[in-house]
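Input: a single structure, listed below in structure tokens.
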Amino acid sequence: MLELLLPQRCLACGRSGSAVCDSCLESLPAIEPPLCERCGNPTTWPVLRCAECSGRRLSFETARAAVAYDENVRAIVAGWKERGLRRLAGTVADLVVAVIPRPPVEALTFVPADRTRLLERGHHPAERLARELGKRWELPVLGTLVRTRPGPRQRGASLAERRRNVRGAFAAKHSPPSVCLVDDVYTSGATVSASASALRRAGARNVTVVTFARALRLR
Ligand SMILES: [Zn+2]
Ligand SMILES: [Zn+2]
């Protein structure tokens, strides 16, 4: 595998040694309370809904992310997703369990891969992360969600476009009443909300979302 042949350099600072060096690992921007109870946006004090999510129909009960999607985290996610550094999934899962308490659910599931991207990458980061989290939290991982059509690239799309792109784009074969949906990055929440709504149609009553990173907007 290519990743074993290349000398490892830290994706964030370029120092040689490992894919993410210890000092970059320690300085990643963990998302700590107070948070918006619903969407996990950091807030000045705990709130049930925040400026970002109020008035939006979200199909999940609560979303939590481990780190803010800043420049370093972006570089780590890009290396993990695009450059095939699959082993980073374990490092990413360790960061998630260090920040986010184990959700009170019966099983984990993940946002399904787009076929084209799965073939390009040869791995599906959200599934990898879900499986690593399943080991750490001792929860079963269900591959229950499927895409009903190819996923357009969401990068650069407006919030309205993102919502339109993913509406009805997912279906679930079955779901336990309470389930945790795993994805790599929470950007607008449109993808996880559309996936959560498919889980609800398949029987879920309570959908918790967990992601590694979260885009933060101005408060
Ligand atoms: Zn570094
Ligand atoms: Zn919110």
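One-based numbering, in listed order, for ligands and for the atoms of each.
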What I'd like to find out is whether the side chain of Val92 reaches to under 4.5 Å of the side chain of Glu132, using heavy atoms alone.
no
Only residue of Asn206, Thr208, Val207 satisfying side-chain contact (heavy atoms from CB on, under 4.5 Å) with Val105 is Thr208
Side-chain contact test, heavy atoms from C-beta onward, threshold under 4.5 Å: evaluate it for Leu181 versus Thr109 and give yes or no.
yes
Measuring from the Zn ion (ligand 2), count protein N/O/S atoms under 2.8 Å, please.
4
Give me each pair satisfying salt bridge (Lys or Arg N to Asp or Glu O under 4.0 Å) with a member in residues 42-58, each pair once, sequence neighbours excluded.
Glu52-Arg214, Glu52-Arg217
Measure the CG-OG1 distance between Asp184 and Thr191 for me, rounded to the nearest 0.5 Å.
9.5 Å
What salt bridge (Lys or Arg N to Asp or Glu O under 4.0 Å) pairs are there with at least one residue in residues 97-113, not counting sequence neighbours?
none
Are side-chain heavy atoms of Leu199 and Phe170 found at a separation under 4.5 Å?
no
Side-chain touch Ser195/Asp183, heavy atoms, less than 4.5 angstrom
no
Would you compute the distance between atom CG of Leu129 and atom CG of Leu88 and round it to the nearest 0.5 angstrom?
11.5 Å
Report for the Zn ion (ligand 1), protein N, O or S closer than 2.8 Å, by chain and number, lists Cys10 SG, Cys13 SG, Cys21 SG, Cys24 SG
